[in-house]
Each structure stands twice: as structure tokens, then as C-alpha cells.
Undergrad: 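Take a look at this one; I'll ask things after.
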Amino acid sequence: MERVKDAVVRLFRGDVSERTRRALRVAAVVLLILMLLILAVSRFRGTPLSGARDGWNNFFSSVGTGEGYPYKVNSSSVEKVDVLNGDIYILYKNRTVTLDGSAKEIRSFEHAYAKPAVYISPDRALVYDRGGHKYRVENRTELLHEGKTGEGEDIITACLGRKGNIALATLSGSATSRLTVWNSTYKDKQFVWNCADYTITSVALSENGRYVAVSVLGVKDGTTYSKIYVFDFEYSDPVSETEYPGTAILAVDFSENDTVVGVGDDKLVFLKNLKKNTEMSYGTSSLSAFTFSPNGHTYLVLAEYGSSNHQLLQGYSSSGRKSFEEPYDTYIKSVYASDTRVSVLTGEYADIYGLGGTRHRAREVGPAAIQAFTNGRTSFSYEMGVIQKTHRMKHQPKHPEKDKEKDKS
């Protein structure tokens, strides 16, 4: 495929012989026939045609190259930098952009959202107006759907499932908040829950498309508390309802189809088999940052005794087992997890780990770095005004020795 793409580029430049031109014409006919066969098979097997179209568009959009990294950005307009289906994805205040491996802009879609936010799944992005009522679904090359909430309800938060369904949490006139789940065609409602007493803070959809988890926040006798509800779309009553007094659940996710993880301000919780509750307190530490990997792992950054200069990186497997813990004597700015790597950004360098805690060589970053992340095996940093590839440091930074007595306890 790479050879064909190179030949097409040379064709556009006029740097090919007549023999090569004839060969490319034959190749174009063959590709057209193959694409028609792919579309036919997709329809026969029930595969979404948008996926087939995306693959076709990807080939043509990737013809030609960009100027390479570093890639300049207007940081005052950047809301988020992430990875979408092998490309770097940028959410600006007024548009979204995807970049390929050569820093070429594959496409750019404008929006007019006042407070844009995005939820990324492996091959799609749900962009929505937090506090507004509009949203849209897009992939790396196409705008797939645009919609708005019923009755002009303002969006609190939203998520996108691997099956393509979407969940919208909104402020409702008939209830405190409302959860609406739409199927992958965005035409039919899979599930609606009117939450009369609480405000929804986070939602997550299971990989198999059967369940939704919802965290809510309430106040009783002057004390904050949270609940996590888990619903099966076939039933109106929840599969489970678990309360956490004195805890604010900040985000929920499905680490497995039957396991929900919730990150709270003072504890990490797992609901195994959708209902069996396990809690892990942060003790004397406070939560600084967290992230979920696409394949169900959870990573926390805890500040020991609230100190930003003594922090712990903790990793948890999809089953809820702590997989590793690494101490830091420097401030951790951010943590990012892909499906194979964990990127930890400090003020001086970026550490790269395997999901299970294997530490790879640290990467050089600038003092103005905002985020470190990986796309495949390539490491990047988003710094003020630029996105660039990072390079291994010649000398590996040393971490403090682990407290052996603490480990024994």
C-alpha cells in the first residue's frame, strides 16, 4: 500500500513515466473493484457502511505528506489534544482537526459551541456543547451526525460507546437531570432515565452496548454524597444502586463489561458483577490526576499528605487489582493512557510505562509542556504553541526508593 501511495504522489507531481501511468490506471480500476466488493460484503454482513467509507477516505486523504513535527498550534484556542484512530486529534474553541503521522491536516470541521467538550472512542469522537444543547459525532475524516437535545435541554456531560451509541446527561425541566441513550444510528432511544433528586456528574457505556453506569451527586444534612447507578437497557429499575457518603465520585468507566470503576475525591471504587462494591481509600494522600486506558486500566496520581513534591503513580488492572505503584519526588503535571502505554508528564521530563508498570526510557520535554501522550509507539508532547515528537533522554531520571515498611503493611 505504501508503494502505491508513493506512486500516486509522484503521479500528482508529474514525476512518472508513461509505463507507470498505465500501471496506475490499472491499479485504480482494481482498487475501485475491491472497494465495491468491500461495500457489498459490509452490507451482507451488517457492518456499518461508515466504517468502510472511512477506510476508503483514509487512503485518499493520506496521499501526500505534511511538513512533519513539530506542528504549530494556537494554544489559547486549544481545548484538548488526544488520539483518534491512529491520528492526533485537536479540539479547538471553534473547530476540530486531525493530523496524520506527517503532521498533515487530514480534515478540519468548524463548530460554534460556547463550551466545547469531547469524548473519544477508538474510532469516533463525540463533540458537544457543555451547557448548550448541540452535539455531533465525527471520525477522522467525516462528520457522521449532528443533533440537539429535546426541549433545548442543556448538556451536563456525555459519552460515546464502542458500539457507536451515545449517552447524554442533561438538565431537565421535569426532573433534576435526565439520561438519554441513543443507538448507533442516532435515530432511536435505547434508554431514558429521569433523575428526580440528583445531578448527574458522569456517564459510561459498556463495551457490549448493554449497560450504562451513572454517577450522581447529592447533599444530605449539609454533607456531600454520591451514588453510582448501573442500568441494563432492558429494564427500567437499576441493576445496582450504591451510595458513597462524604465522597464525590468524579468519573465512572467500564473496566470490563461487568465491572464499573469510579474515581472519587477520596477513594477508588469497583463494582464487580455490576453490583459487588469494593473501596480503596487514598488514606492520607489526595487525588491530583487520573485517567482511564481504552482497555479498562485505571491510573491515579496521589499527592502524599497533599504535597505536590511527593506523589505516587498507581495503576489498577481492569479487574480492580493494583498492578504497580511508583513514587515521585517531583510534581506530576498530567497522566495519559493509550491502549499500550502510560505517559506521565513532570516539569522536567516525561516517563513512559507499559500498562502493567514496566518503565521505559524517559523522554525530553520543554518547560512549557502541558501534556505527554503516545500514538502507537511514538511519544509526543503538547507544549505551549506546538505539538512535537519526543526523544529519549540520555540519562534516566532516578525515582525515590519505595518505602519498604509501607509496602509490607
Side-chain angles (χ1 to χ4, degrees), residues 48 50-51 53-54 57 73-74 76-85 87-99 105-195 198-205 209 212-217 233 251-252:
S50 61
R53 288 199 307 270
D54 190 28
N57 290 335
V73 297
N74 180 6
S76 64
S77 183
V78 172
E79 294 289 330
K80 187 172 183 179
V81 176
D82 212 319
V83 174
L84 175 63
N85 200 19
D87 291 315
I88 293 178
Y89 179 93
I90 308 172
L91 172 65
Y92 287 99
K93 293 183 184 297
N94 62 346
R95 64 181 180 134
T96 60
V97 173
T98 54
L99 307 173
E105 287 193 11
I106 298 174
R107 58 86 178 154
S108 175
F109 295 141
E110 294 184 355
H111 67 75
Y113 298 164
K115 295 181 179 179
V118 64
Y119 187 99
I120 303 286
S121 77
D123 60 353
R124 295 184 182 188
L126 171 62
V127 186
Y128 59 96
D129 191 3
R130 195 188 301 273
H133 59 275
K134 293 184 178 181
Y135 63 92
R136 73 190 196 195
V137 180
E138 56 192 44
N139 60 27
R140 66 190 293 275
T141 57
E142 292 183 288
L143 182 58
L144 303 176
H145 174 73
E146 289 187 283
K148 59 182 180 179
T149 60
E151 303 174 6
E153 295 180 354
D154 291 338
I155 300 173
I156 304 170
T157 187
C159 76
L160 174 63
R162 287 178 178 263
K163 293 291 186 180
N165 53 349
I166 58 176
L168 300 173
T170 57
L171 295 173
S172 172
S174 57
T176 300
S177 52
R178 174 180 290 146
L179 170 69
T180 306
V181 181
W182 295 85
N183 68 3
S184 59
T185 66
Y186 319 116
K187 296 179 181 179
D188 299 318
K189 295 178 181 179
Q190 281 186 293
F191 185 78
V192 177
W193 178 53
N194 292 306
C195 184
Y198 311 106
T199 300
I200 296 173
T201 57
S202 179
V203 294
L205 291 162
V212 62
V214 188
S215 64
V216 300
L217 187 66
F233 295 149
V252 291

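One is the number of the first residue; the rest follow in order along the sequence.
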Undergrad: Between S202 (side chain only) and V252 (backbone N and O only), is there a donor and an acceptor less than 3.5 Å apart?
TA: yes
Undergrad: Between L143 and E138, is there a side-chain heavy-atom distance shorter than 4.5 Å?
TA: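 Side-chain contact under 4.5 Å: yes.
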Undergrad: If you apply the rule side-chain contact (heavy atoms from CB on, under 4.5 Å), what do you find for T96 with R107, and how did you get there?
TA: CA-CA 8 Å; T96 60; R107 58 86 178 154; 2.8 Å; yes
Undergrad: For the pair F191 and F233, name the ring-plane relationship: parallel under 30°, tilted 30 to 60°, perpendicular over 60°.
TA: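 Tilted.
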Undergrad: Please round to the nearest 0.5 Å and tell me the distance separating atom CG of D188 and atom CG of N165.
TA: 12.0 Å
Undergrad: State, to 0.1 Å, how close V203 and A158 come at their nearest heavy-atom pair, and which atoms those are.
TA: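 Of all heavy-atom pairs spanning V203 and A158, the closest is CG2-C, 4.0 Å.
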Undergrad: What residues form a ring-ring contact (aromatic ring centres under 6.0 Å, His included) with Y92, not counting sequence neighbours?
TA: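 Partners of Y92 by the ring-ring contact (aromatic ring centres under 6.0 Å, His included) criterion come out as none, since no residue qualifies.
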Undergrad: Does a donor on one side chain sit under 3.5 Å from an acceptor on the other, for S177 and T199?
TA: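 Their side chains do not contain a donor-acceptor pair, so the 3.5 Å distance test is not met.
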Undergrad: From the options L126, N183, T180, select the one residue that forms a side-chain contact (heavy atoms from CB on, under 4.5 Å) with I166.
TA: L126
Undergrad: Kindly state each residue pair satisfying salt bridge (Lys or Arg N to Asp or Glu O under 4.0 Å) with at least one member in residues 154-165, sequence neighbours excluded.
TA: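 Listed once each, the pairs would be none.
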Undergrad: Begin with the C-alpha distance, continue with both residues' side-chain angles, and end with the deciding distance and a verdict on side-chain contact (heavy atoms from CB on, under 4.5 Å) for W182 and H145.
TA: CA-CA 12 Å; W182 295 85; H145 174 73; over 6 Å; no
Undergrad: Quick one: does F109's side chain get under 4.5 Å of V127's, heavy atoms only?
TA: no
Undergrad: What's the verdict on side-chain contact (heavy atoms from CB on, under 4.5 Å) for S77 and N94, showing C-alpha distance, side-chain angles and the deciding distance?
TA: CA-CA 8 Å; S77 183; N94 62 346; 4.1 Å; yes
Undergrad: Step by step, work out the side-chain contact (heavy atoms from CB on, under 4.5 Å) result for T157 and T201.
TA: CA-CA 7 Å; T157 187; T201 57; over 6 Å; no
Undergrad: List the atom of G209, the atom of Q190, and the distance in Å for their closest heavy-atom pair.
TA: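 Reported closest heavy-atom pair: O-NE2, 4.0 Å.
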Undergrad: Treating D129 as the side-chain partner and A114 as the backbone partner, does any N or O pair qualify as donor plus acceptor under 3.5 Å?
TA: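 Yes, the answer is positive, given that a donor and an acceptor are paired below the 3.5 Å cut-off.
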Undergrad: Once rounded to the nearest 0.5 Å, what's the spacing between atom CG of N194 and atom CZ of R178?
TA: 4.5 Å
Undergrad: Could you report the tightest heavy-atom contact between S108 and E105, atom names first, then the distance?
TA: CB-OE1, 4.4 Å
Undergrad: Going by atom types alone, do T98 and R140 pair a side-chain donor with an acceptor below 3.5 Å?
TA: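 No - no donor-acceptor pair under 3.5 Å links their side chains.
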Undergrad: Judged by atom type as modelled, is there a donor-acceptor pair below 3.5 Å linking the side chain of R130 to the main-chain atoms of I156?
TA: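 At least one qualifying donor-acceptor pair exists.
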Undergrad: If every non-hydrogen atom of Y128 is compared with every non-hydrogen atom of Y119, which pair is closest and at what distance?
TA: CE2-N, 4.5 Å
Undergrad: Side chains of N139 and D123: does their closest heavy-atom pair fall under 4.5 Å?
TA: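 Of all side-chain heavy-atom pairs linking D123 with N139, none is under 4.5 Å.
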Undergrad: Testing the basics here: between D87 and L99, what is the closest heavy-atom pair and its distance to 0.1 Å?
TA: CB-O, 3.2 Å
Undergrad: How about T149 and L168: do any of their side-chain heavy atoms sit closer than 4.5 Å?
TA: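 In contact.
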Undergrad: Which heavy atom of K134 sits nearest a heavy atom of Y113, and at what distance?
TA: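 Looks like CB-CE2, 3.7 Å.
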Undergrad: Going by salt bridge (charged side-chain N to carboxylate O under 4.0 Å, His left out), name the residues that satisfy it together with E79, two or more places apart in sequence or in a different chain.
TA: K93
